There are 2 protein chains.
Amino acid sequence: MTIREMCEAFDVTPRTLRFYEAKELLHPRREGQRRLFGKRDRARLKLILRGKRFGFSLEEIRQLLDLYHMDDSQETQLRKSYALAETHLAEMEAQRDELNEAIAELKDQMAWGARRLAELRRNSAAG
Amino acid sequence: MTIREMCEAFDVTPRTLRFYEAKELLHPRREGQRRLFGKRDRARLKLILRGKRFGFSLEEIRQLLDLYHMDDSQETQLRKSYALAETHLAEMEAQRDELNEAIAELKDQMAWGARRLAELRRNSAAG
DNA sequence: AGGAAAGATGACGTGAACGTAAACGTAACG
DNA sequence: CGTTACGTTTACGTTCACGTCATCTTTCCT
């Protein structure tokens with residue numbers, strides 16, 4: 001996959017992909033001097049963009065990415081990755097819980113607003 | 001509440017609070033020239049920090065904040081706020097769903113890692 | 001061969017969200 | 001009455017995550 005195809009598939013700019021490579025979040029292979037993105041790169045980019053939406057920094061994401069290819073690691077590295085994963089999992093679950101709470105509160109506020117609107121409508125109908 | 005108390009209560013710096021005021025996210029009243037933060041400011045700051053954790057920009061948060069005091073608004077403003085709230089609610093629910101998916105995937109990866117670790121342990125015990 | 005299109009590198013620019021330092025006010029303490 | 005502590009404004013500095021040229025190859029088309 002060329003850089004352009006990659007950009008269209010994920011709605012990012014070439015600059016972004018080169019930037020991610022410079023930051024070692026992506027490692028496209030080269031054909032001559034051109035970048036070629038494979039299946040693995042697409043999987044990683046998907047995770048990167050997801051991580052961003054959750055508010056993780058690129059550096060945090062870079063570490064997280066290693067968790068998704070713990071394949072050929074030594075036990076020491078595997079343990080480190082696993083521990084990091086536990087931390088991040090806890091963070092994500094906490095964030096989900098807080099998000100649910102925020103959603104509930106926002107719904108409350110909206111219900112209140114809806115009542116106010118209905119009330120205003122009744123008054124204008126009466127007036 | 002003084003700025004210092006506020007900082008300790010929410011673990012932010014004075015600079016941050018002044019910055020939020022400059023951006024019109026907070027409106028502490030003044031005693032002479034000193035800032036005094038009330039209950040309302042604490043509620044707002046809580047929402048600000050929450051919003052940040054969910055990846056919203058300060059400008060987005062500023063708009064969201066108005067949703068939480070739709071009290072004395074006119075119908076037109078109330079409708080606008082309500083519509084904005086619906087948009088944000090949808091975003092937050094989408095984010096929650098994606099977060100749940102991400103959590104599930106990460107758990108899968110960790111289960112896989114756990115199996116690898118167990119396997120390595122068996123091998124070293126055998127060796 | 002000539003020229004547009006796509007991709008690469010390098011360098012500088014930018015907006016968001018603060019950090020940090022300078023210079024000043026003031027209120028309490030010894 | 002000095003100084004210590006906390007607060008203020010103003011202004012410039014910094015980090016992150018890219019955007020935006022400028023310049024240079026490589027490739028593809030006619």
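Here is how names work: the chains are called A, B, and so on, in the same order as the sequence lines, proteins then strands, and each is numbered from 1. Just the heavy atoms: all of them, side chains too, but no hydrogens, waters or symmetry mates, feed the values below. Because the structure is a prediction, the values reported are computed rather than measured.
For A:Glu86, the side chain to side chain donor-acceptor pair (under 3.5 Å) criterion is met by no residue, not counting sequence neighbours. Shown here are the salt bridge (Lys or Arg N to Asp or Glu O under 4.0 Å) partners of B:Glu75, two or more places apart in sequence or in another chain: B:Arg79.
Ion pairing between B:Glu60 and B:Lys52 fails under the 4.0 Å rule for side-chain N and carboxylate O. By the 4.0 Å N-to-carboxylate-O rule, A:Lys23 lies too far from A:Glu59 to be salt-bridged with it. Under a 4.0 Å N-O distance rule, the pair B:Glu93/A:Lys107 qualifies as a salt bridge.
Nucleotides of DNA chain C lying under 4.0 Å from heavy atoms of chain A occupy a range whose first and last members, 5' to 3', are C:dA6 to C:dT9.
The ring pair (Phe, Tyr, Trp, His ring centres under 6.0 Å) test with A:His88 singles out one residue from A:Tyr68, A:Phe56, A:Tyr82, and that residue is A:Phe56.
Residues B:Glu91 and B:Thr87 have side chains that never bring a donor and an acceptor to within less than 3.5 angstrom of each other.
Pairs passing the side chain to side chain donor-acceptor pair (under 3.5 Å) check and including a residue from residues 4-13 of chain A, sequence neighbours excluded, read A:Thr13-A:Thr16.
In this structure, B:Ile3 and B:Leu36 have side chains that are not in contact, with every pair of non-hydrogen atoms separated by 4.5 Å or more.
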query = How far apart are the C-alpha atoms of A:Glu24 and A:Arg62, what are their side-chain angles, what is the distance that settles it, and do they pass the salt bridge (Lys or Arg N to Asp or Glu O under 4.0 Å) test?
reply = CA-CA 7 Å; A:Glu24 300 189 70; A:Arg62 194 184 61 73; over 6 Å; no

note = Contact string for nucleotides 7-20 of chain D, one letter per nucleotide 5' to 3', B = base within protein heavy-atom range under 4.0 Å, S = sugar-phosphate only, - = neither, reads SBB-------BBBB

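Within residues 39-48 of chain B, no residue has any heavy atom under 4.0 Å from DNA chain C.
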